[in-house]
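One structure is given here, and the rest of the page talks about it.
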Amino acid sequence: MNPTDPIFIGPKKKGKLRETFESLFVAFLIAFFIRSFVIEAFKIPSGSMKPTLLVGDHIFVNKFIYGLRIPFTKKRIVNYKTPERGEAIVFIYPLDEGKDFIKRVVGLPGDQIRLSGDEIYVNRTPIARSALKIESGQKHDLALIPVVRDAVADEAKIKAIPYSPDWENFSYFSESQGRNQYLVQIDSNPSYWNGEFAVPPHHLFVMGDNRDNSSDSRDWGFVPMENVKGRAMFVWLSLDSDRKTLRWDRFGKWIH
């Protein structure tokens with residue numbers, strides 16, 4: 001080889017520290033993108049959505065379904081659709097924007113909501129509701145409370161109610177709004193509500209499925225559409241702090 005010939009030198013190897021940093025940075029960007037635009041985890045802190053969701057449930061929220069929001073703001077850059085009646089949504093609490101709440105959509109912009117006892121009327125039409133019967137003579141101290149397999153349970157595709165220590169104090173119903181069908185519970189000694197609400201433009205009227213034990217639009221008003229973060233998807237983890245165990249039956253449960 002002629003000493004004056006050029007010598008080819010391959011690409012310089014990256015140091016291990018640099019490779020690790022780049023891998024972590026890429027992982028951070030992917031996680032940030034997913035959390036900002038696609039899916040976010042949310043923990044259920046209270047019983048306001050029982051029997052649908054229990055304290056200790058960890059869920060994923062679909063943030064993509066309603067559109068794309070600029071991270072750390074309430075400004076949407078793309079709108080796909082708006083929430084429907086009967087959907088369980090996560091939103092920024094209007095009275096304290098440092099908190100996220102989860103409730104069910106009952107009224108859309110322009111709807112007239114009337115509460116009479118435990119009945120809910122949307123534009124003068126009562127929300128469809130059918131009672132579920134609990135099987136008698138069963139030992140209800142496990143994960144699920146079996147229901148009587150009648151026409152109501154079959155139509156709603158419900159075989160059991162999630163167990164909670166105070167389950168005997170409630171009556172259980174299958175409710176439906178449009179194409180959305182879900183469970184609600186009403187206290188044996190209900191705190192009856194009476195009143196009428198006109199949902200303003202670009203706002204929602206929301207309620208918890210635990211109808212007599214929920215702080216919602218009946219107390220603090222309407223949810224601005226811009227506060228909606230996404231729709232509840234499914235439970236990915238469930239911790240029962242009372243019995244110090246996991247609720248294995250709830251893993252992967254879709255939220256209706």
Side-chain angles (χ1 to χ4, degrees), residues 42 44-55 57 59 61 66 82-96 99-132 156 158 161-162 164 166-167 169-233 255-256:
F42 182 79
I44 305 302
S46 74
S48 69
M49 283 294 288
K50 292 194 314 185
T52 305
L53 293 167
L54 307 179
V55 176
D57 280 352
I59 69 172
V61 177
Y66 300 130
T82 55
E84 299 177 3
R85 295 187 195 94
E87 290 184 335
I89 62 169
V90 171
F91 55 90
I92 300 168
Y93 180 40
L95 301 187
D96 182 353
K99 297 178 180 179
D100 291 336
F101 272 25
I102 180 168
K103 304 291 177 186
R104 194 171 299 278
V105 177
V106 172
L108 302 179
D111 282 348
Q112 296 291 323
I113 309 297
R114 182 166 68 90
L115 305 177
S116 179
D118 61 4
E119 294 289 337
I120 305 168
Y121 296 80
V122 180
N123 300 323
R124 299 184 179 180
T125 302
I127 292 179
R129 177 190 294 166
S130 300
L132 292 161
I158 296 171
I161 302 293
S164 61
D166 58 349
W167 70 269
N169 298 327
F170 297 91
S171 298
Y172 299 91
F173 299 86
S174 170
E175 269 192 4
S176 60
Q177 294 187 80
R179 59 182 178 179
N180 296 303
Q181 193 167 33
Y182 49 91
L183 285 170
V184 299
Q185 65 181 40
I186 295 176
D187 200 304
S188 301
N189 297 301
S191 51
Y192 287 112
W193 289 81
N194 291 284
E196 296 191 17
F197 304 83
V199 186
H202 310 296
H203 286 73
L204 301 169
F205 186 92
V206 299
M207 295 177 68
D209 290 347
N210 190 356
R211 289 290 160 77
D212 300 293
N213 299 277
S214 171
S215 174
D216 49 42
S217 288
R218 295 170 291 183
D219 299 310
W220 41 256
F222 307 100
V223 178
M225 200 71 76
E226 64 184 9
N227 283 35
V228 177
K229 299 185 75 172
R231 188 176 74 187
M233 293 175 65
I255 300 166
H256 300 289

Exercise for review: List in chain and number order the residues that pass salt bridge (charged side-chain N to carboxylate O under 4.0 Å, His left out) with Lys50, two or more places apart in sequence or in another chain; answer none if no residue qualifies.
Suggested key: Asp166
Review point. Taking only residues two or more places apart in sequence, or in another chain, which ones meet Phe197 in a ring pair (Phe, Tyr, Trp, His ring centres under 6.0 Å)?
Key: Phe205
Practice item. List the steps and the verdict of side-chain contact (heavy atoms from CB on, under 4.5 Å) for Leu54 and Ile44. Key: CA-CA 7 Å; Leu54 307 179; Ile44 305 302; over 6 Å; no
**Study point:** With Gln185 via side chain to side chain donor-acceptor pair (under 3.5 Å) - residues at least two apart
**Key:** Asn210
**Study point:** Minimum heavy-atom distance Tyr172-Pro51, with the two atoms named
**Key:** CD2-CG, 4.2 Å
Exercise for review: With sequence neighbours excluded, tell me which residues meet side chain to side chain contact (heavy atoms under 4.5 Å, CB included) with Pro109.
Suggested key: Leu204, Met225
Review point. Should Leu108 and Val199 be marked as a side-chain contact (heavy atoms from CB on, under 4.5 Å) after you check the CA-CA gap, both sets of side-chain angles, and the distance that decides it?
Key: CA-CA 7 Å; Leu108 302 179; Val199 186; over 6 Å; no
Exercise for review: Find the distance between OG1 (Thr82) and CD (Glu87) and round it off to the nearest 0.5 Å.
Suggested key: 8.5 Å
**Study point:** Gap separating the NE2 atom of His256 from the CD1 atom of Ile158, nearest 0.5 angstrom
**Key:** 9.0 Å
Check your understanding: Which value, rounded to the nearest 0.5 Å, describes the distance between Phe173 atom CZ and Ile186 atom CD1?
Key -> 4.5 Å
Revision key, fill the gap. Taken to the nearest 0.5 Å, the spacing of Ile113 CD1 from Glu196 CD works out to 10.5 Å
Practice item. Indicate yes or no for a side-chain donor-acceptor contact from Ser217 to the backbone of Met207 under 3.5 Å, with no hydrogens or angles considered. Key: no
Point to revise | With Arg124 via salt bridge (charged side-chain N to carboxylate O under 4.0 Å, His left out) - residues at least two apart | key: none
Exercise for review: If a pair satisfies side-chain hydrogen bond (donor to acceptor under 3.5 Å, both in side chains) and one of its residues is in residues 105-120, list it, with sequence neighbours excluded.
Suggested key: Arg85-Asp111, Asp111-Asn123
Exercise for review: Enter the distance from Ile59:CD1 to Ile255:CD1 here, rounded to the nearest 0.5 Å.
Suggested key: 4.0 Å
**Study point:** Under the ring pair (Phe, Tyr, Trp, His ring centres under 6.0 Å) test, residues paired with Tyr93 that sit two or more places apart
**Key:** Phe101, Trp220
**Study point:** Contacts of Asp209 that satisfy salt bridge (charged side-chain N to carboxylate O under 4.0 Å, His left out) - sequence neighbours left out
**Key:** Arg104
Point to revise | Minimum heavy-atom distance Gly117-Asn194, with the two atoms named | key: N-OD1, 3.4 Å
Practice item. Could you list all the salt bridge (charged side-chain N to carboxylate O under 4.0 Å, His left out) pairs where at least one residue sits in residues 172-183, not counting sequence neighbours? Key: Glu84-Arg179, Arg129-Glu175, Glu175-Arg211
Exercise for review: Might you work through the side-chain contact (heavy atoms from CB on, under 4.5 Å) test for Asn180 and Val105, ending with a clear yes or no?
Suggested key: CA-CA 10 Å; Asn180 296 303; Val105 177; over 6 Å; no
**Study point:** Non-neighbouring partners of Val90 that pass side chain to side chain contact (heavy atoms under 4.5 Å, CB included), sequence neighbours left out
**Key:** Phe42, Val61, Asp100, Ile102, Lys229
Check your understanding: So, Asp216 side chain and Gly208 main chain: donor-acceptor pair closer than 3.5 Å or not?
Key -> yes
Practice item. Quick one: closest heavy-atom pair of Ala88 and Arg231, and the distance? Key: O-CG, 3.4 Å
Point to revise | Listed partners of Asp187 passing side chain to side chain contact (heavy atoms under 4.5 Å, CB included), at least two apart | key: Phe170, Asn189, Asp212, Asn213
Study note, to complete from the structure: Closest heavy-atom pair, Lys103 versus Ser48, reported as atoms and distance to 0.1 Å, is NZ-OG, 2.9 Å
Point to revise | For Ser176, all residues meeting side chain to side chain donor-acceptor pair (under 3.5 Å), sequence neighbours excluded | key: none
